[in-house]
Amino acid sequence: MSEQAVTAQSEDFSSWYNEIVYRADLAAPSPVRGCVIIKPYGYEIWEGIKSGLDRRFKATGHQNAYFPLFIPESYIKREAQHVEGFSPELAVVTHAGGKELEEPLVVRPTSETVIGEAFSDWIQSYRDLPLLINQWSNVVRWELRTRPFLRTAEFLWQEGHTAHATHDEAEEETLQMLDIYADFAIEDAAIPVIKGEKSRMERFAGALRTYTIEAMMRDKRALQSGTSHNLGQNFAKAFDIQFLTEANTQEYCWTTSWGLSTRMVGAVVMTHGDDKGLRLPPKLAPYQLVIVPIYRRDAQRTAVLETVERLRKSFEAANLRVHVDLREGQSPGFKFNDWEMRGVPLRVEIGPKDVENNNAVLARRDVMGREGKQFVSQDDVVAVARELLVDIQRNLLEDAREFRDAHIQDASSYDELRAIVAEGEWARAFWDGSDDDELAVKDETGATIRCFPFEQPDAQGACVYSGRSAEKVALFAKAY
RNA sequence: CGGGGCGUGGCGCAGCCCGGUAGCGCGCACGGUUUGGGUCCGUGAGGCCCCCGGUUCAAAUCCGGGCGCCCCGACCA
């Protein structure tokens, strides 16, 4: 029976993650190196992420469009830093239709270039601005080491691309989208992300400024969960995106781009999961509750299933996502464990005694054992379930926040920083170092600057590495 | 690309050293039993033993070559 248990998180987090991804049926290995098959249960989580974001994008005036998967190789080369940043990980099509192509086609690693080219055609005047476009797509980056959802050769994401008349408008957009990511992460995914700005080193290839939401996983490693870039006029110049101002002068646009990927599924797994498996936040859970019928023999079966069916309808009428586990030949105990592993927030048990007493048993995934279990009248079960789901959503966020805050420490010297990072924790420290200093810290400690958080202390301080006076604190952590 | 490991039913593995009927656990199918915390018993289906070549009466096993995958590092959402 021991084979049925998942490797404990505390024992080997990375094995835990891999096992749970496959056993919870989120993904399956694919025939192609570095790629995965996203199975229905995993894809539904992604669909929840999509709809949560898409709703927010639309509400802020963005429209969806779709650009080609293939990009002429020459496009990629037009923005100098961009080529440098992406070249090593490009997949390139050299043959098609039985012959060699005149110009190789790059499978998009991101679409700034094609979209930039299109924008240069679409934008003539200040009246065409701002242009606010988003696309849901797949992209390919030939990473050397891959892990399901966290880093795969092909992944799904959304990439927003916008063009504006002024630097300030572009900056405002960049920050607005970061806020949207953070709002989604906190409210829907129950992941308490930290908003901040990336260092020069970690900046997107070709961007003026890169903002990020950083999350702490259950092994205390950092995960960049979404990014928003102010591209300045770099891409506008490379792709000739100009507009005529009100004063009849030609100017380059200011553009932005922002993306969030299927990596977020991995973030959900690693933020909330425990030794038993997944714990899905109700807002993203494919099934918010699962009903497990319990019966012996046919006489009880009929009565139990009638009740179950009636309850299923009431849950559905209340717009709750409910699943009934009708599998035959599987014991209730097996099913309890199975759904706990798959992270369903609430379990409803209906047995002969419950039918008799007009009761239902509700068991919450986030509070295991007796404590999380309660008997409720069938008349109230929908209302109670509703409240519990809200509470579970809140509790997961709270839990993650407490965990995160307990593992971020201030470092006032480089020695302290080293010690903190060596313990696997995040270090918060004043920073005014050079790129080389940052690299040195990475070499020496394994930690990188995750971001300069927006929330800053009032005081100034001395840079933890260079000793120079520094305006800002940075967060250092080992990252995925 | 540097270092290590592994390719055997769907999954996880044993067998290989010492050549001779391909095996175990899980899963799957069927029958019974059980069902309020991972039931138990029985029957059964399922295998180019990574590929190519060599040695041999005989190769999963020995020899040569190739391919693939995984792990650790440098690169990354």
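Nucleotides B:rC6 and B:rC50 are separated by 11 Å at their C1' atoms, to the nearest Å. Comparing B:rC18 with B:rG23, their P atoms are spaced 24 Å from each other, to the whole Å. Atom name P, nucleotides B:rG27 and B:rC11: the rounded distance is 16 Å, in whole Å. The same atom, C1', is picked in B:rU55 and in B:rG47; the two are 26 Å apart, to the nearest Å. Comparing the same atom, P, in B:rA60 and in B:rA22 gives a spacing of 9 Å after rounding to whole Å. To the nearest whole angstrom, the two C1' atoms, one in B:rC28 and one in B:rG73, are 41 Å apart. One C1' atom belongs to B:rA45, the other to B:rG5, and the distance between them is 34 Å to the nearest Å. Atom C1' of B:rG42 sits at a distance of 26 Å from the matching atom of B:rG37, rounded to the whole Å.
Distance CG (A:Asn337) to C1' (B:rG38): 5 Å, rounded to an integer number of Å. Between the CD atom of A:Glu349 and the P atom of B:rU35 there is a distance of 15 Å, given to the nearest Å. The distance from atom CD of A:Glu143 to atom P of B:rG73 is 15 Å, rounded to the nearest whole Å. For the pair A:Gln330 CD and B:rG36 P, the interatomic distance rounds to 12 Å; values are reported in whole Å. Put simply, NZ on A:Lys478 is 14 Å from C1' on B:rG73, counting in whole angstrom units.
Take the nearest nucleotide of RNA chain B for A:Met368 and for A:Asn18: the residue whose nucleotide is more 5' is A:Met368. If you find the closest nucleotide of RNA chain B to A:Pro352 and to A:Ser225, the one lying nearer the 5' end belongs to A:Pro352.
If you check every strand for non-hydrogen atoms under 4.0 Å, A:Gly351 touches a base. A:Tyr295 comes within 4.0 angstrom of a nucleotide base, judged by non-hydrogen atoms across all strands. As judged by a 4.0 angstrom heavy-atom cut-off over every strand, A:Phe155 is placed among the base-contacting residues. Using a 4.0 Å heavy-atom criterion, one finds that A:Lys335 contacts no nucleic acid atom at all. The residue A:Leu260 sits apart from the nucleic acid: no heavy atom pair falls under 4.0 Å. Residue A:Ser261 is in base contact, counting any heavy-atom pair closer than 4.0 Å across all strands shown. Using a 4.0 Å heavy-atom criterion, one finds that A:Thr210 contacts no nucleic acid atom at all.
In this structure, A:Lys442 reaches the B:rC75 phosphate: one of its side-chain N or O atoms is under 4.0 Å from OP1 or OP2.
Applying the Watson-Crick and G-U wobble criteria (two distances, each under 3.5 Å), B:rG20 pairs with B:rC57. Here B:rG68 sits opposite B:rC6 as a Watson-Crick or G-U wobble pair (both hydrogen-bonding atom distances under 3.5 Å). For B:rA14, there is no paired base (Watson-Crick or G-U wobble, both distances below 3.5 Å). For B:rA29, the paired base is B:rU43 (Watson-Crick or G-U wobble, both distances below 3.5 Å). The partner of B:rC1 is B:rG73, judged by Watson-Crick or G-U wobble contacts that both fall below 3.5 Å. Nucleotide B:rU35 is matched to nothing when pairs are restricted to Watson-Crick or G-U wobble geometry with both distances under 3.5 angstrom.
Checked against B:rU35, B:rG37, B:rC75, the side chain of A:Ile294 finds its nearest nucleotide in B:rU35. Candidate nucleotides B:rG37, B:rA77, B:rG36 were compared by shortest atom distance to the side chain of A:Val361, and B:rG36 ranks first. Distances were taken from every side-chain heavy atom of A:Gln224 (C-beta onward) to each of B:rC70, B:rG37, B:rA77; the shortest belongs to B:rA77. In the set B:rC70, B:rU35, B:rC75, B:rC70 carries the atom at the smallest distance from any side-chain atom of A:Arg33.
Scanning atom types as modelled, one donor and one acceptor separated by under 3.5 angstrom connect the side chain of A:Asp354 and the base of B:rG36. Evaluation of atom-type donor-acceptor distances gives a pair under 3.5 Å for the side chain of A:Arg347 against the base of B:rG37. Taking only distance into account, the side chain of A:Glu340 meets the base of B:rG37 through a donor-acceptor pair shorter than 3.5 Å.
By the 30° and 60° cut-offs, the orientation of the rings of A:Tyr211 relative to A:Phe454 is perpendicular.
Environment of CZ in A:Arg370: sparse, with no more than 12 heavy atoms of neighbouring residues, nucleotides or ligands closer than 6.0 Å. Atom CD of A:Glu172 is surrounded by 12 or fewer heavy atoms from other residues, nucleotides or ligands within 6.0 Å.
Each of A:Arg365, A:Lys335, A:Glu340, A:Arg364 was scored for a side-chain contact (heavy atoms from CB on, under 4.5 Å) with A:Arg347, with one residue passing: A:Glu340.
A donor-acceptor pair shorter than 3.5 Å can be found between the side chains of A:Tyr414 and A:Glu444.
Between A:Arg23 and A:Asp338 there is no salt bridge, since no side-chain nitrogen of the basic residue lies less than 4.0 Å from a carboxylate oxygen of the acidic one. Electrostatic pairing of A:Lys198 and A:Glu214 counts as a salt bridge here, judged by a charged N lying under 4.0 Å from a carboxylate O. Salt-bridge annotation for A:Lys373 and A:Glu349: present, with a side-chain N of the basic residue lying under 4.0 Å from a carboxylate O of the acidic one.
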